[in-house]
Amino acid sequence: MAKDFATRAENYSEWYNELVLRADLAENSAVRGCMVIKPYGYAIWEKIQGALDAMFKETGHVNAYFPLFIPNSFFSKEASHVEGFAKECAVVTHYRLKNDPNGKGIVVDENARLEEELIVRPTSETIIWDTYRNWIKSYRDLPILCNQWANVVRWEMRTRLFLRTAEFLWQEGHTAHETEAEAMEEARKMLEVYADFAENWMSVPVLKGTKTANERFAGALETFCIEAMMQDGKALQAGTSHFLGQNFAKAFDVKYLSRENKLEYVWATSWGVSTRLMGALIMAHSDDNGLVLPPKLAPIQVAIIPIYKQAEQLAAISEKVHEIEKALKARGISVKYDDRDAYKPGWKFNEYEFKGVPVRLAIGPRDLEQGTVEVARRDTMEKTVCSLENIDALIENLLAEIQTNLLQKAKNFRTENTHTANTWDEFKDIIENKSGFVLAHWDGTPETEQKIKEETKATIRCIPLNNSLEEGKCIYTGKPSTQKVVFAKSY
RNA sequence: CGGGGUGUAGCGCAGUUGGCUAGCGCGCCACGUUCGGGACGUGGAGGCCGAAGGUUCGAGUCCUUUCACCCCGACCA
């Protein structure tokens, strides 16, 4: 764990896994590529869920739930969608087991084969659009603004804790609209919600942009995304919002009678973020002492640790702590008073640092005498002795400061690691030796993007929204280009 | 699916050209001393050495088969 940053970045996945495990967030399960999210990790997910859910409701959305299983025939209705997901689907073929006639435990009963295979959802567009067909008759039924919190399964060849597990938790919004403009507005609006969440809750700055055709969601006409930079300079796609056009409406025959009494196909969007966000959170802020959580998403915002020798001392400290606890809770701050006798103060200090608790208070006999408390902040590791008077207000301010400081720190890091490349040699040099984001001209063709990927492993992360247009030459082909796009190696 | 690697206590590992009762660190349990940055001492519990088969007087070690996991690619949120 005590590796310097250079070594850590080299073996980022190793460091990251170690960190996750030691911070008690998750572990690999016995099922290939799946993860067990432990209670503390799940508590972070619940914070993420809670904040996002409130934002969805504020923007007029409601929650619903659709089946886990998707009939094979549904799946094949939208051609490019099938192509995109076919290679990573888990399929249910039977519905019964039986005792092995040879006495070797339990086997699949071949007589119980399903007439039609069921696909474990890798995403729910198909089953939802099949359902929406029955919900939509007229323009009066529109828009439909549904979100689903669910698990999905993608049988990835290679998995990585949080970032790419075979099963993951996510939310997927699926909306249906009367007009193209309204659907496009929805897709953009949800991108803004995601960006807002990333920056103001996760303290992770993100680039907003559109994906190139190569990177677009299977079945979408336009994919909007937020891209974050991890501490090793790699990019992480943290959320996507898709404008689906009428592709799914046509595939599932979802038509409505318009205000002009004409039968029209509806317009669609879908958007989602997953437990990958937790990976982003970990990899964006953590250091060699463990996790660093932004206060707004920390299950425990303040840990209080008593320092004492005898039981009477502890009793006196506890009395004081209960007052502090009460004052903090009155301000909506989550507090954990760790008075377990089984662990020593030093052990607890390290424990809460691992877990990323933003603020730690230590209070001992010395403090009792002087009416003080030791306040340690996780982001800077600074310790100060403060008066107990108005400690609740002080901590409330400190939490807010940590929240913005983390964002600022991450922003600075991103700025330092964003480069501009004007020549191909320069481009290759940056990708290989510096990492981070590289702004460069591109001729706009999938072929060029593909070749750059093959030669450098860097892909176009996004074409930034509101990108400033400028004449230039493609870094690779020298053909004319109108804007710089963002390249990076990604997870 | 291709290339590489690893399977020995809960975790991390050592175990020599086959040899006697399979070891170390951390963790765990008990007692005592400690307690302002992961304490220390003493005692203790915990293993069909990934699985199956073979060679041998004797296999953690050699051979064959197989399974699982990890890493690097291709694929992807």
Side-chain angles (χ1 to χ4, degrees), chain A residues 1-2 10-14 16-18 21-22 24 27-34 83-89 122-123 150-172 194 211 214-218 220 223 225-228 235-242 270-280 289-290 305-311 313-314 317 339-354 360-370 372-374 376 381 383 385 450 453-454 457 459 461 489-491:
Chain A
M1 200 59 196
E10 242 173 66
N11 301 305
Y12 210 69
S13 61
E14 190 187 316
Y16 167 73
N17 279 339
E18 191 179 354
L21 300 178
R22 293 193 66 176
D24 216 27
E27 64 190 20
N28 291 312
S29 93
V31 184
R32 179 204 166 276
C34 292
E83 206 183 314
F85 285 102
K87 281 179 280 183
E88 51 186 48
C89 285
T123 179
N151 56 339
V152 288
V153 169
R154 296 185 187 175
W155 214 260
E156 302 286 354
M157 288 170 182
R158 187 156 159 232
T159 59
R160 208 199 277 285
L161 210 57
F162 283 119
L163 302 185
R164 196 178 302 104
T165 42
E167 177 187 0
F168 55 96
L169 305 183
W170 79 343
Q171 61 68 217
E172 46 181 327
Y194 287 155
K211 285 289 184 192
N214 282 353
E215 301 272 325
R216 201 173 285 154
F217 176 75
T223 289
C225 63
I226 52 172
E227 292 284 329
L236 185 74
Q237 179 175 309
T240 48
S241 178
H242 314 289
S270 69
W271 28 272
V273 294
S274 69
T275 35
R276 172 180 271 193
L277 285 182
M278 294 172 72
N289 295 309
I305 295 161
I307 294 155
Y308 61 94
K309 289 196 171 76
Q310 310 88 20
Q313 241 169 11
L314 175 62
I317 291 168
D339 61 351
R340 287 177 298 174
D341 193 43
Y343 296 97
K344 296 182 60 192
W347 191 92
K348 292 176 188 170
F349 291 172
N350 283 285
E351 182 69 4
Y352 291 107
E353 277 161 20
F354 264 130
R360 183 189 71 227
L361 303 182
I363 182 160
R366 223 155 56 202
D367 296 299
L368 276 193
E369 270 174 38
Q370 297 166 6
T372 57
V373 64
E374 183 191 80
M381 300 293 276
K383 290 192 287 195
V385 175
Q450 186 59 33
K453 183 181 178 181
E454 281 162 17
K457 288 177 192 159
T459 50
R461 298 323 304 156
K489 285 187 195 169
S490 76
Y491 276 99

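In this text, all values refer to a predicted model and were calculated from it rather than measured experimentally. Convention: sequence-line order gives letters A, B, ...; per-chain numbering from 1.
Not a single donor-acceptor pair, N or O on each side, falls under 3.5 Å between the base of B:G73 and the side chain of A:Lys457.
Atom CG in A:Leu161 sits roughly 13 Å away from atom C1' in B:C70 (whole-Å rounding). The distance from atom CG of A:Asp24 to atom P of B:G38 is 22 Å, rounded to the nearest whole Å. Taking atom CE of A:Met381 as the reference point, atom C1' of B:G37 lies 10 Å away to the nearest angstrom. Taking atom CD1 of A:Ile307 as the reference point, atom C1' of B:G37 lies 9 Å away to the nearest angstrom. Put simply, CG on A:Asp341 is 14 Å from C1' on B:U33, counting in whole angstrom units. As a whole-Å value, the separation of A:Phe168 CZ from B:C75 P is 18 Å. Here B:C75 presents its P atom at 9 Å from CD of A:Glu454, a figure rounded to the nearest Å. Rounded to whole Å, the distance from CH2 on A:Trp155 to P on B:C1 is 13 Å.
Partner assigned to B:U6 is B:A68, using Watson-Crick or G-U wobble distances below 3.5 angstrom. B:A22 makes up no base pair with any nucleotide shown, lacking Watson-Crick or G-U wobble contacts both under 3.5 Å. The nucleotide B:C1 finds its pairing partner in B:G73, both defining distances of the Watson-Crick or G-U wobble pair being shorter than 3.5 Å. Across all strands shown, B:U55 remains unpaired; no Watson-Crick or G-U wobble contact has both distances below 3.5 Å. In this structure, B:G47 makes no Watson-Crick or G-U wobble pair, since no nucleotide meets both defining distances under 3.5 angstrom. Taking a pair to require two hydrogen-bonding distances under 3.5 Å in either a Watson-Crick or a G-U wobble arrangement, B:G36 remains unpaired. Remark: B:G41 base-pairs with B:C31; criterion is Watson-Crick or G-U wobble with both hydrogen-bond distances under 3.5 Å.
Under a 3.5 Å cut-off, the side chain of A:Lys489 and the backbone N or O of A:Thr459 do not form any donor-acceptor pair. Under the 3.5 Å distance criterion, the side-chain polar atoms of A:Gln313 are matched with a main-chain donor or acceptor of A:Lys309. A side-chain donor-acceptor contact under 3.5 Å links A:Gln171 to the backbone of A:Val273. At least one donor-acceptor pair under 3.5 Å links the side chain of A:Arg154 to the backbone N or O of A:Pro122.
Comparing the C1' positions of B:C69 and B:G12 gives an interatomic distance of 16 Å, to the nearest angstrom. Rounded to whole Å, the separation between the P atoms of B:G23 and B:G38 comes to 33 Å. Annotation: B:C31 and B:C63 have their P atoms spaced 50 Å apart (nearest Å). Atom C1' of B:C62 sits at a distance of 44 Å from the matching atom of B:A30, rounded to the whole Å. Comparing B:C48 with B:U61, their P atoms sit 16 Å apart, to the nearest whole Å. Taking atom P on both B:U42 and B:G37, the two are 25 Å apart, rounded to the nearest angstrom. Atom name P, nucleotides B:G60 and B:U21: the rounded distance is 11 Å, in whole Å. If you take atom C1' in B:A59 and the same atom in B:G18, they sit 6 Å apart, rounded to whole Å.
Remark: A:Arg164 is not positioned above the aromatic ring of A:Tyr491, lacking an NZ or CZ atom under 6.0 angstrom from the ring centre and at most 45 degrees off the axis.
Residue A:Glu88 has its side chain nearest to B:C75 when only B:C75, B:G38, B:G36 are considered. Of the candidates B:G37, B:G36, B:C76, B:C76 carries the atom nearest the A:Arg154 side chain, counting heavy atoms from C-beta on. Of all nucleotides listed (B:C75, B:G38, B:G36), B:C75 comes nearest to the side chain of A:Glu156. With B:G36, B:G38, B:C76 as the choices, the nucleotide that has an atom nearest any side-chain atom of A:Arg164 turns out to be B:C76. Residue A:Lys309 has its side chain nearest to B:C35 when only B:C75, B:C35, B:G38 are considered.
Between A:Trp271 and A:Tyr194, the two ring planes are perpendicular [angle over 60°; tilted spans 30° to 60°].
With a 4.5 Å cut-off on side-chain heavy atoms, A:Arg216 and A:His242 do not count as touching.
Between A:Glu353 and A:Gly84, the residue anchored nearer the 5' end of RNA chain B, judged by the nucleotide with its closest heavy atom, is A:Glu353.
When each of A:Phe349, A:Trp347, A:Tyr343 is checked for a side chain to side chain contact (heavy atoms under 4.5 Å, CB included) with A:Ile305, only A:Phe349 meets the rule.
Considering only side-chain N and O atoms, A:Lys344 lies under 4.0 angstrom from the phosphate OP1 or OP2 of B:G36. At least one side-chain nitrogen or oxygen of A:Lys453 sits closer than 4.0 Å to the OP1 or OP2 atom of B:C75.
Looking at heavy-atom distances under 4.0 Å, A:Leu236 makes no contact with the nucleic acid at all. At the heavy-atom level, A:Thr372 lies nowhere under 4.0 Å from the strands shown.
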